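Here the structure is a predicted model, which is why all the values come from computation and not from measurement. Both backbone and side-chain heavy atoms feed into the values below; hydrogens, waters and symmetry mates do not.
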Amino acid sequence: MEARQHATGKAPVTVRLVGGPTALIGIGGLRLLTDPAFDAPGPIASGTRTLVKTRGPAVSVEEIGTVHAVLLSHDQHADNLDRAGRRLLATVPVTLTTAEAADRLGGAATGLRPWDRLTLERPDGGHVEVTGAPAQHGPDGTEDVTGPVTGFVLTGPDVPTIYVSGDNASLDVVRRIADHVGPVDLAVLFAGAARTPLLEGYLTLTSDQAAEAARILGARTVIPVHTEGWEHFTEGPDTVRDAFTRQGLQDRLTLLAPGASATV
């Protein structure tokens, strides 16, 4: 499945959905993996709670092949970093994540606070600037329960502006990002309207919020992730499609089935 081509002179970007929050982003030979979750279906311990995974990854770790960097929104929840995902981190040259997660993970983990920037060299001779973006994993005032999370903005001289939201549930945060980076070419939005009995409200964007986020960001293409594969997700790909259609944004939406790819 191929999304629209954007500005001339920009390196093409490929996105392959593995499942849940896990997607492989390719830019000029650089292979970036979001929140690695590769465990088989079943109950998985996550702190003091147990999350239930309903679908395994559509692409195995072996099929993924080389990963140059992991973009990890946070490490404290198993639906974003599970047991197999933790094993994968040991094979990756760098993991970019929150400062707190970097302290816990050690090794090649590097913390990015909001607006911190790090350069990744590309195999084709170019580079990608990765900037930490603010994120809020739940309603206002719940950060002490959900813990810190981060999003990412990818830019470069010949790179489309790419926003990877991580587990953000706040449109106010999206507005801050839009003010800081301007319109984005591609938004990879963690949706699914995740819920927990510990809190009122949602831990990730609802479908309607994802559509509104696309509008706020001026996003030319939106690829939702984190909408299937776990029991605590309350909205899926069909709900996302309906929301974008109601808001007249269906032409911006690229829905990927697990295992499928798009080129932007």
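For the pair Val240/Leu189, no side-chain contact is recorded, criterion being any heavy-atom separation below 4.5 Å from C-beta on. When side chains are defined from C-beta on, Glu212 counts as touching Arg215, because their heavy atoms get closer than 4.5 Å. Contact check for Pro183 versus Arg220: no side-chain heavy atoms found under the 4.5 Å cut-off. Residues Asp79 and Pro21 have side chains not in contact (no heavy-atom distance under 4.5 Å, counting atoms from C-beta outward). In this structure, the side chains of Pro36 and Leu81 come closer than 4.5 Å at one or more pairs of heavy atoms. When side chains are defined from C-beta on, Leu253 counts as touching Pro224, because their heavy atoms get closer than 4.5 Å. Looking only at side-chain heavy atoms (C-beta outward), Leu154 and Leu32 come within less than 4.5 Å of each other. No side-chain heavy atom of Ile25 sits less than 4.5 Å from a side-chain heavy atom of Leu186.
In this structure, His232 NE2 and His77 NE2 are separated by 8.5 Å, a value rounded to the nearest 0.5 Å. Atom CG of Leu205 sits about 6.5 Å away from atom CG of Leu171, to the nearest 0.5 Å. Interatomic distance, CG of Leu217 versus CG of Asp179, reported as 10.0 Å (0.5 Å rounding). The NE2 atom of His137 sits 5.0 Å away from the CG atom of Leu203 when rounded to the nearest 0.5 Å. Atoms NE2 and CG, from His68 and Leu33 in turn, are 12.5 Å apart once rounded to the nearest 0.5 Å.
Between the side chain of Gln136 and the backbone N or O of Ser170, no donor-acceptor pair lies under 3.5 Å. At least one donor-acceptor pair under 3.5 Å links the side chain of Gln76 to the backbone N or O of Pro148.
When all heavy atoms are compared, the tightest approach of Pro157 to Lys10 is O-NZ, 3.8 Å. Here the closest non-hydrogen pair linking Leu255 and Arg241 is CD1-NH2, 3.4 Å. Summarising the geometry of Asp208 relative to Gln247, their closest heavy-atom pair is O-NE2, 3.3 Å, with the distance given to 0.1 Å. Closest of all the heavy-atom pairs between Ile162 and Ile27 is CD1-CD1, 3.8 Å. The two residues Lys53 and Ala37 have their closest heavy-atom pair at NZ-O, 3.4 Å. Closest non-hydrogen pair, Leu120 versus Ala69, comes out as CD1-CB, 3.9 Å.
Leu71 and Val18 sit in two unconnected hydrophobic clusters of ILVMFWY residues. Membership requires side-chain heavy atoms under 4.5 Å apart, directly or through other members. Cluster annotation: Ile223 and Val130 are assigned to the same hydrophobic cluster (Ile/Leu/Val/Met/Phe/Trp/Tyr, side-chain heavy-atom contacts under 4.5 Å, transitive).
Looking at residues two or more places apart in sequence or on another chain, you find a side chain to side chain contact (heavy atoms under 4.5 Å, CB included) between Ser60 and Glu62, Glu63. With sequence neighbours excluded, the residues satisfying side chain to side chain contact (heavy atoms under 4.5 Å, CB included) with Gln250 are Thr245. Every residue meeting the side chain to side chain contact (heavy atoms under 4.5 Å, CB included) condition with Thr234, not counting sequence neighbours, appears here in chain and number order: Ala193, Arg195, Tyr202. Residues that satisfy the side chain to side chain contact (heavy atoms under 4.5 Å, CB included) test with Ala135, not counting sequence neighbours, are Val149, Asn168. Under the salt bridge (Lys or Arg N to Asp or Glu O under 4.0 Å) criterion, Arg87 pairs with no residue at all, not counting sequence neighbours. Judged as a side-chain hydrogen bond (donor to acceptor under 3.5 Å, both in side chains), and not counting sequence neighbours, Arg113 has no contacts.
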- Message: Checking Glu228 against Thr54 for the side chain to side chain contact (heavy atoms under 4.5 Å, CB included) test, could you report, in this order, the C-alpha distance in whole Å, the side-chain angles of both residues, the deciding distance, and whether it holds?
- Response: CA-CA 8 Å; Glu228 44 69 40; Thr54 58; over 6 Å; no
- Would you check, one step at a time, whether the test side chain to side chain contact (heavy atoms under 4.5 Å, CB included) holds for Asp251 with Phe244? CA-CA 9 Å; Asp251 62 328; Phe244 273 70; over 6 Å; no
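Applying the ring-ring contact (aromatic ring centres under 6.0 Å, His included) test to pairs two or more places apart or on separate chains, those with a residue in residues 106-129 are Trp115-His180. Applying the side chain to side chain donor-acceptor pair (under 3.5 Å) test to every pair with at least one member in residues 25-36, sequence neighbours left out, gives these pairs: Asp35-Ser73, Asp35-Asn80. Sorted by first and then second residue, the salt bridge (Lys or Arg N to Asp or Glu O under 4.0 Å) pairs with a member in residues 163-173 read Asp172-Arg175; sequence neighbours excluded. Contacts classified as side chain to side chain donor-acceptor pair (under 3.5 Å) and involving residues 149-163 (residues at least two apart or in different chains) are given here: Arg122-Asp158. Identified under the ring-ring contact (aromatic ring centres under 6.0 Å, His included) test for residues 17-39, with sequence neighbours left out: none.
By the 4.0 Å N-to-carboxylate-O rule, Asp75 lies close enough to Arg104 to be salt-bridged with it.
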Would you be so kind as to tabulate the donor-acceptor pairs closer than 3.5 Å made by side chains of residues 88-102, with sequence neighbours excluded?
residue : atom : partner : partner atom : Å
Thr91   : OG1  : Leu88   : O            : 2.7
Thr97   : OG1  : Leu72   : O            : 2.9
Thr98   : OG1  : Ala101  : N            : 3.0

